[in-house]
Amino acid sequence: MVPTPTPDAVSPRSSGRDMRQERLRSHRLSTPAASVAEAARHMLATQAQEFWGGRWAVAARTRGVTTVRDVDAAFDRGEIVRSWTMRGTIHLIPAEDLAWVLSITGERQRRQAAAVHRAEGIDADEVDRAEAAVRAALAGGNRLTRKELFEVLERAGVSTAKQRGYHLLVALSLRAVVCQGPVVPREGGPTREQYIVLAEEWIRDAVTPADPLAELFTGYIRSHGPAGARDFAWWTGLPLGVSRAAAERAAASSSDGAGVAAPVVLVDDDPEPTYIAAGPRPRALPSAPAVVALPPFEEYYLSYVDRTVPCAPEFLSAIGPSMNGIVRPILVARGEIVGVWTHSVAVGRHADDPIPELFAPGTATDAEIVAALDRYRRFITA
């Protein structure tokens, strides 16, 4: 039997500091992974609509000096891809996991996009025409930029005017026809774009868990716990009832008589069930920085119903989501969000020093903030 953690050590009734320390472990921020691919595999799906931000999210969870070139190399090798995996939002995900995650979240995303498709005059027949044209253009290992893909659609008589091209690309991604794979080189700065490829040709060694819904909950708790079904429902965009069923299935021991322990363990049920991953918790590395600069739309902050665990309530509005949906990059000191920061990845500006904005003085030393931002600067200027 796999040993389980002591529930009292991570109970939601424990101090906020205890909760933050456990989440830092789960997020691999105090227990960084050995490689970019391992960090991405541990997180399962990392929000990445800001391409540089998604890349920095996994680099910040990787040991040593990890650069944007290291992350781009993982894309180019086919270890990771980007696609619209949940909530209509693009995520960085291990290539092997894309299809089974979409088997759970894809249909709900398609239903949520139906109103926009009607407004844009996109029906199932047109998506079929787009798929046929794109498959023909990409077959045999070809790759296209988004602009080139839209040109293919236009030549096939499928309009990409206004937002139609974007919504057709999302529709084909939700069908797991295409994904965003190798990076498009950019002179003078970090790339902002990836080539679009046929998922079935680009992705090798795709996996299919025995119980995909339970595995999705397990992956979320492994990378975000302590957390519960409401948090999982927000993260995935799945209904709460489905999310609770996922939790129950993940927490149920194997019924095959082999005595295999469940992959997640209940640590509290007041006010609602809360879980962490079963088995020994990873040990925090002494070399892991106490203060980190994390990207926009950061999982450590965004992926929970209650964001006051890492952030004091009075500072939530300074981070977001704002009226336009933006979530700012954050500064985290010993698990607590103590400020935000800004930086441009425009050509000629990506080497500029990031600018911090602390919420209150004394929450982190000047040296700690400088070190955190310098780690990011080394990443983006490689």
Side-chain angles (χ1 to χ4, degrees), residues 36-37 39-55 57-58 71-72 74-113 116-117 122 127 130-131 134-135 137-138 141-150 152-153 163 165-184 191-209 212 215-216 219-220 223 235-238 295 297 299 302-303:
V36 167
R41 191 174 301 115
H42 175 83
M43 294 303 294
L44 182 57
T46 304
Q47 200 153 332
Q49 62 265 59
E50 289 278 6
F51 188 25
W52 73 266
R55 287 179 286 178
V58 293
V71 184
D72 289 351
F75 278 111
D76 292 345
R77 289 192 297 267
E79 295 170 349
I80 53 178
V81 296
R82 277 200 312 160
S83 195
W84 286 265
T85 58
M86 55 192 75
R87 303 192 320 272
T89 299
I90 195 164
H91 287 74
L92 181 157
I93 186 170
E96 65 198 33
D97 295 317
L98 177 62
W100 73 261
V101 169
L102 284 175
S103 75
I104 302 168
T105 63
E107 180 55 35
R108 185 166 179 82
Q109 292 188 86
R110 284 189 286 270
R111 291 199 301 270
Q112 291 171 335
V116 173
H117 282 199
I122 298 172
V127 178
E131 178 177 340
V134 168
R135 282 187 177 277
L138 291 176
N142 291 334
R143 56 185 66 176
L144 297 172
T145 65
R146 183 179 295 198
K147 181 177 181 291
E148 292 167 342
L149 186 85
F150 289 1
V152 166
L153 293 176
Q163 292 297 306
Y166 168 81
H167 292 298
L168 287 164
L169 173 58
V170 175
L172 295 178
S173 299
L174 294 181
R175 287 186 175 189
V177 174
V178 298
C179 63
Q180 297 184 52
V183 300
V184 179
T191 182
R192 290 181 171 180
E193 189 178 7
Q194 292 169 270
Y195 288 109
I196 297 162
V197 292
L198 274 182
E200 64 193 35
E201 289 187 356
W202 181 252
I203 297 174
R204 301 174 292 277
D205 302 323
V207 299
T208 303
E215 181 62 26
L216 188 59
Y220 173 72
S223 56
W235 187 67
T236 59
L238 295 173
F297 305 98
E299 294 279 331
L302 188 60
S303 299

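For reference, positions follow the sequence shown, starting with 1. Owing to the predicted nature of the structure, the values given are computational and were not obtained by experimental measurement.
A 4.5 Å side-chain heavy-atom check between Ser223 and Glu299 finds every atom pair outside the cut-off. Within the 4.5 Å cutoff, the side chain of Trp100 has heavy atoms near those of the Leu216 side chain. Side-chain contact between Ser173 and Leu169 is present, with at least one heavy-atom pair separated by less than 4.5 Å. Two residues are said to be in side-chain contact when any heavy atoms from C-beta on lie closer than 4.5 Å; Leu138 and Val177 fail this criterion. Side-chain contact between Glu79 and Val36 is absent, with no heavy-atom pair separated by less than 4.5 Å.
Atoms CD and CG, from Gln194 and Leu92 in turn, are 8.0 Å apart once rounded to the nearest 0.5 Å. In this structure, the separation between CG on Leu102 and CD1 on Ile93 is 7.0 Å, given to the nearest 0.5 Å. Atom OH in Tyr195 sits 12.0 Å away from atom CG in Asn142 (nearest 0.5 Å). Within the model, atoms NE2 of His91 and CG of Asp97 stand 13.5 Å from one another, a figure rounded to the nearest 0.5 Å. Between the CG atom of Leu149 and the CD1 atom of Ile196 there is a distance of 4.5 Å, given to the nearest 0.5 Å. A distance of 6.0 Å separates CG of Leu168 from CG of Leu153, quoted to the nearest 0.5 Å.
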Would you list the atom pairs, donor with acceptor, under 3.5 Å between side chains in residues 43-52 and any protein atom, with sequence neighbours excluded?
from  : atom 1 : to    : atom 2 : distance (Å)
Gln47 : OE1    : Arg87 : NH2    : 2.6
Gln47 : NE2    : Gln49 : OE1    : 3.3

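Of all the heavy atoms in Thr191 and Arg55, the pair that sits closest is O-NH2, 2.7 Å. For the residue pair Leu174 and Gly106, the shortest heavy atom distance occurs at CD1-O, 4.4 Å. What you find for Cys179 and Leu98 is that their closest heavy atoms are CB-CD2, 3.9 Å. Here the closest heavy-atom approach between residue Val183 and residue Phe75 is recorded as CG1-CB, 4.2 Å. The two residues Ser303 and Tyr220 come nearest to each other via the heavy atoms O-OH, 2.8 Å. In this structure, Ile80 and Ala40 approach most closely via the heavy-atom pair CG2-CB, 3.7 Å.
For Glu200, the side chain to side chain donor-acceptor pair (under 3.5 Å) partners are Arg135, not counting sequence neighbours. Take Val152 and apply the side chain to side chain contact (heavy atoms under 4.5 Å, CB included) test, not counting sequence neighbours, and it matches Ala133, Ala137, Leu144, Arg155. Listed by chain and residue number, His117 satisfy the side chain to side chain contact (heavy atoms under 4.5 Å, CB included) test with Ala113 (two or more places apart in sequence, or in another chain). Arg41 pairs by the salt bridge (Lys or Arg N to Asp or Glu O under 4.0 Å) definition with Glu96, not counting sequence neighbours. Applying the salt bridge (Lys or Arg N to Asp or Glu O under 4.0 Å) rule to Arg110 yields the partners Glu107; only residues at least two apart in sequence or on another chain are considered.
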Check your understanding: Going through the checks in order, is the side-chain contact (heavy atoms from CB on, under 4.5 Å) test met by Thr236 and Arg108?
Key -> CA-CA 10 Å; Thr236 59; Arg108 185 166 179 82; over 6 Å; no

**Study point:** Step-by-step side-chain contact (heavy atoms from CB on, under 4.5 Å) determination, Ile90 to Gln180
**Key:** CA-CA 10 Å; Ile90 195 164; Gln180 297 184 52; 3.3 Å; yes

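The backbone N or O of Thr145 sits nowhere less than 3.5 Å from a side-chain atom of Glu193 that would complete a donor-acceptor pair.
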